[in-house]
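Residue numbers begin at 1 in each chain, while the letters A, B, ... track the order of the sequences.
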Protein chains: 2
Amino acid sequence: MSKLIEVELLEAAAIQSILKNGPQSRTDLARELQYSRASLTSIVGQLLQSGILVEVGEGKSGGGRRPRMLDINADYGYIAGIDIGATSIDIAVADFRGRLIDRYHEEASVLIHPKTFIENLSTLLLKLFDKHNIKADQLIAIGMGVPGPVEFSTGRLISPPLMPLWNSFPIKTAFQPWFPVAQVFVDNDVNIMAKGEQTAGAGQGLTDFLFIKIGTGIGCGIISDGRIYRGSNGCAGDVGHICVDYNGPICHCGNPGCVEIMAAGPAIADMGREKARSGESQFLARRLKENEGVLSAIDVGDAAAAGDRIANEIIRRSGYLIGGVLASLVNFYNPQAIFIGGGVSKIGLSHLSTIRQATLRRATALSTQQLRIEHSQLGDDGGILGAIALTLENLFVVKD
Amino acid sequence: MSKLIEVELLEAAAIQSILKNGPQSRTDLARELQYSRASLTSIVGQLLQSGILVEVGEGKSGGGRRPRMLDINADYGYIAGIDIGATSIDIAVADFRGRLIDRYHEEASVLIHPKTFIENLSTLLLKLFDKHNIKADQLIAIGMGVPGPVEFSTGRLISPPLMPLWNSFPIKTAFQPWFPVAQVFVDNDVNIMAKGEQTAGAGQGLTDFLFIKIGTGIGCGIISDGRIYRGSNGCAGDVGHICVDYNGPICHCGNPGCVEIMAAGPAIADMGREKARSGESQFLARRLKENEGVLSAIDVGDAAAAGDRIANEIIRRSGYLIGGVLASLVNFYNPQAIFIGGGVSKIGLSHLSTIRQATLRRATALSTQQLRIEHSQLGDDGGILGAIALTLENLFVVKD
């Protein structure tokens, strides 16, 4: 039933080129794809006829008649982008060029049964569609990010620790009763955030970079040769369980000294609570009391911003450990850039600067020559924008 | 002057498909490339006319006339594969299908001026050619691996620590007086060894794996989506300087506790000498005396093979540290396999089994589900076979 768009090899190349570089003339496109103008004209003809491409006015002339420009047909249909967090969902609808039309955020737990979850999610999407007079069967594709390892080809989660009921659940078919023609793509949340940065954020124009999400855990999205790199089991980028101290505390994975248990949000909060209780940090002691015994990594960031020396030490310790792991990854992968996102990236610039220092100190000189280490640009929007970009990257499949 | 072979996009795809999968009929090739039989027939016609492809007898029939099979024209020209070590060179000549015709090994130092080095190298190649009546202008391509970081597009080494005189030296043009039509491709030695394993060794059929070379240093070749991954500065895979102990000994790179300084060949030899001198290992004390004060990692391997407990501990310590680094890489990269090669891989199976144990213990369960950790299959031949495969992967460039 689903409306997978089958195209020839060169048709797919033409679509991807326009998605990546924007509107182009037939001559530009032929040059870009390194193919003869005659063959390209026939391919474009087919894509215009099927309604995937449209002509959108005239470009600059190289002398003669001004060439007509080709673009993706924004009205061909709609795309939904979904970003599932452990305790929240973000949904968005975009036109067929990937431009955001509207979005919606809601708290929701992934601990309920996935069938019910997808039902609720579909209802929310339909409500969003209603606002813009979009019908369910106009939805061409759904892109969805989830906080766990995904087998991309089937769209199933594999033993996800945060959402155990979803193990092997057929997400793709669960959407079918609601959106009969939509093609569904599911990927790990950090992967789609990396894709988002590449499409609309700090990673524009880059082909090889890492997106590091620091929150309750630590994860990494890998863009390799312009595409998401998933590894052989779909769990590439699971950097939270890289060891930074063989004698460190035991992680929930069972091993000692994982960077996640020692440097992510909960570790920062724990250290903050300790220093609040011991009275070493008066700021944190006051905040702990105000919050009735609860203290988060953000509170530690607030303390550091207010000049609290102890809080600043906690943050620097986290940054130092994370930077050590990034140095290893930089030596191995030699990326163009590392973008840092996630909740903990909001605890202040001293965290980022310590990460940067520790990475540069430990990685080889050549691998850091042009390396950028920066905060991500898209923040919370990275997920939905990446989910939409993911569909456009995968929607056009070559005929079998 | 150089005979770079310019082809259309689909011609290049046809050549690569035959290089990868062997002889194919036009029908097979059209199916493989997902293109119409009619278009393919015209492409194949051009490739037959230019002499790159030949028809090689008949394949199995699907009912009617038996189809003619297409293969690369082995006599189109010759390819040289060169593997430069710090103290040795291996050269080989192959036909245009990449099949080895002859090879030669010689001790040589990379510390002399590269111009002289390339002159000597070219003379050796011509001598090898003479034996088989091959003329210099029949050499279509040279693939060369060097022990240092390479900017692949220009074929220049970038600040190579082992061969400082080669920094930025134009290797490609230095071959031109000797082999006027040969296209030259230069890459890091570990990258070409990984490529060799993929083409003819343990990595056949795999798309994402690591090749770890353990010798004087520790390096890593990365195959990603079937191709060599080089990173943004050409230095991806420089894993020898990943830190395993922040309080460890200072490495020649200036940082403390790099895995290379603590676990590669010299570290094993140093520990062996210490235990020989202290008398803790009688086997090593004897060997040190026999060798007149010199002891290598191989000697420590011999001691372990003879049942020496102390030598075995030294080897296990090295394996444990290397396995710790590999666990981090497995979590990050989730490869299908890791193949271990280089001189130190010959010190016995207990080294490999400790590496394997340490990797599996520390990496996440999902990432190790199907992970293979094995010795490389090609041993010392990996370099020249990889260099030859490298040329075939890059020789056919798409017309501009």
Side-chain angles (χ1 to χ4, degrees), chain A residues 8-10 13 31 33-36 39 149 158-159 206-210 220 222 224-225 227 229-243 245-246 253-255 324-325 327-337 361-371 398-400, chain B residues 8-10 13 31 33-36 39 149 158-159 206-210 220 222 224-225 227 229-243 245-246 253-255 324-325 327-337 361-371 398-400:
Chain A
E8 298 277 5
L9 189 63
L10 279 161
R31 194 180 304 126
L33 299 177
Q34 304 169 317
Y35 213 65
S36 76
S39 310
I158 310 159
S159 314
L206 300 186
T207 54
D208 302 287
F209 69 87
L210 308 181
C220 173
I222 305 169
S224 176
D225 199 20
R227 299 179 66 88
Y229 176 80
R230 300 183 176 90
S232 70
N233 300 84
C235 64
D238 199 352
V239 301
H241 300 286
I242 288 181
C243 181
D245 184 357
Y246 284 102
C253 77
N255 274 317
V325 168
S328 300
L329 302 185
V330 166
N331 282 356
F332 172 72
Y333 199 67
N334 187 204
Q336 297 163 307
R361 188 179 310 146
R362 274 297 331 187
T364 63
L366 183 56
S367 67
T368 53
Q369 231 167 41
Q370 285 111 18
L371 179 69
V398 174
K399 272 179 200 156
D400 220 8
Chain B
E8 298 277 6
L9 189 62
L10 279 160
R31 194 180 304 127
L33 299 177
Q34 304 169 316
Y35 213 65
S36 76
S39 311
I158 310 159
S159 315
L206 302 186
T207 54
D208 301 286
F209 68 88
L210 308 181
C220 173
I222 306 169
S224 175
D225 199 20
R227 298 179 66 87
Y229 176 80
R230 299 183 176 89
S232 70
N233 300 84
C235 64
D238 199 352
V239 301
H241 300 287
I242 289 180
C243 182
D245 184 357
Y246 284 102
C253 77
N255 274 317
V325 168
S328 300
L329 302 186
V330 166
N331 281 356
F332 172 71
Y333 199 66
N334 186 204
Q336 296 162 307
R361 188 178 309 146
R362 275 294 333 182
T364 64
L366 183 56
S367 67
T368 54
Q369 231 166 42
Q370 284 109 18
L371 179 68
V398 174
K399 272 180 199 156
D400 219 9

Engaged part of B:S328 at the chain A interface, taking heavy atoms whose separation is under 4.5 Å: both

Please look at A:R230 and chain B and tell me whether the side chain, the backbone, both or neither of the residue comes under 4.5 angstrom of a heavy atom of that chain. backbone

Where does A:Y229 contact chain B at under 4.5 Å (heavy atoms): side chain, backbone, both or neither? side chain

Pick one of side chain, backbone, both or neither for B:C253, based on which atoms fall under 4.5 Å of a heavy atom in chain A. neither

Partner chain A: residue of B:D208, B:V239, B:I158 with the largest heavy-atom pair count (under 4.5 Å): B:D208

Contacting region of B:I222 [heavy-atom separation from chain A under 4.5 Å]: side chain

Under 3.5 Å, side chain of A:Q336 to main-chain N/O of A:T207, donor-acceptor pair present? yes

Side chain, backbone, both or neither of A:S159 within contact of chain B (heavy atoms, under 4.5 Å): neither

Is it the case that the side chain of A:D238 and the backbone of B:N331 share a donor-acceptor pair, with hydrogens and angles ignored and the cut-off at 3.5 Å? no

Pairs of heavy atoms under 4.5 Å with chain B: top-ranked of A:C235, A:S224, A:G231: A:C235

For chain B, which of A:L366, A:D225, A:N233, A:I242 has the most heavy-atom pairs under 4.5 Å? A:N233

Under 4.5 Å heavy-atom distance to chain B, tell me which part of A:L206 shows up: side chain, backbone, both or neither. neither

Pick from A:A337, A:C243, A:S367: which one has the most heavy-atom pairs with chain B under 4.5 Å? A:C243

